[in-house]
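Everything below concerns the one structure shown next.
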Amino acid sequence: MSIASLPRPLVVLGLAGILPQAFCLFMALSGGEARWTALAAACCYAALILSFLGGLWWMAGLLGGVKAPWFHLLAVLPSLVGWAMLLPWCVGAPWPGPELVTLGLLILASPLADKALARVMALPPAGWHCGR
């Protein structure tokens, strides 16, 4: 499956998912008071995306009949980690530097989870994960 074979609205909407982080990056680099709001918004969006990925893994496992406990742990961890990365803000701790970096690294590493899933089950349509 290539981008060219996908319906145009899917491509446009998929790419639109990058816009919030691009806007936050622009605002953070602009400096001023908006920088802190941009960092907080970027951290929240990254936590949401990570949680969304975990939900996709959970759904794929349900559809694939996966019963292994490690799978369910893998699928629920993104939501728990995203929540944990937002907690410092709730208690007034210095934030969101390390948490934002952690979320970003986890999102970048998420194709490794896709590959682990592909070893134990058939994933939905081709193109679900890198290297397929």
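- The heavy-atom pair separating Ala16 from Pro20 by the smallest distance is O-CD, 3.4 Å.
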Q: Dump the intermediate steps for side chain to side chain contact (heavy atoms under 4.5 Å, CB included) on Trp89 and Cys43, then the final yes or no.
A: CA-CA 10 Å; Trp89 186 23; Cys43 198; over 6 Å; no
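- Apart from Leu29 itself, the hydrophobic cluster it occupies contains Leu25, where clustering links Ile, Leu, Val, Met, Phe, Trp and Tyr at side-chain heavy-atom distances under 4.5 Å.
- Here the side chains of Cys24 and Leu39 are not in contact, with every heavy-atom distance at 4.5 Å or above.
- Listed by first and then second residue, the side chain to side chain donor-acceptor pair (under 3.5 Å) pairs that reach into residues 10-35 come to none, sequence neighbours excluded.
- Annotation for Leu112: hydrophobic cluster partners, listed by chain and number, are none (ILVMFWY side-chain heavy atoms under 4.5 Å, direct or chained).
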Show me the donor-acceptor pairs within less than 3.5 Å that the side chains of residues 60-76 make with the rest of the protein, sequence neighbours left out.
none

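- Cluster partners of Phe26 are Phe23, Met27, counting Ile, Leu, Val, Met, Phe, Trp and Tyr whose side-chain heavy atoms approach within less than 4.5 Å, directly or via other members.
- Applying the side chain to side chain donor-acceptor pair (under 3.5 Å) test to pairs two or more places apart or on separate chains, those with a residue in residues 73-85 are Ser51-Ser79.
- Two residues are said to be in side-chain contact when any heavy atoms from C-beta on lie closer than 4.5 Å; Trp57 and Ser110 meet this criterion.
- With sequence neighbours excluded, the residues that form a side chain to side chain contact (heavy atoms under 4.5 Å, CB included) with Arg119 are Lys115, Ala116.
- Side-chain contact check for Leu86 versus Glu99: every heavy-atom pair is 4.5 Å or farther apart.
- Distance alone, capped at 3.5 Å, places no donor-acceptor pair between the Tyr45 side chain and the Ala40 backbone.
- Remark: Ile18 pairs with Leu15 by the side chain to side chain contact (heavy atoms under 4.5 Å, CB included) rule, at least two apart or across chains.
- Within the 4.5 Å cutoff, no side-chain heavy atoms of Pro78 are placed close to those of Leu106.
- Of the options Ile49, Leu108, Leu50, a side chain to side chain contact (heavy atoms under 4.5 Å, CB included) to Leu103 is made by Leu50 and by none of the others.
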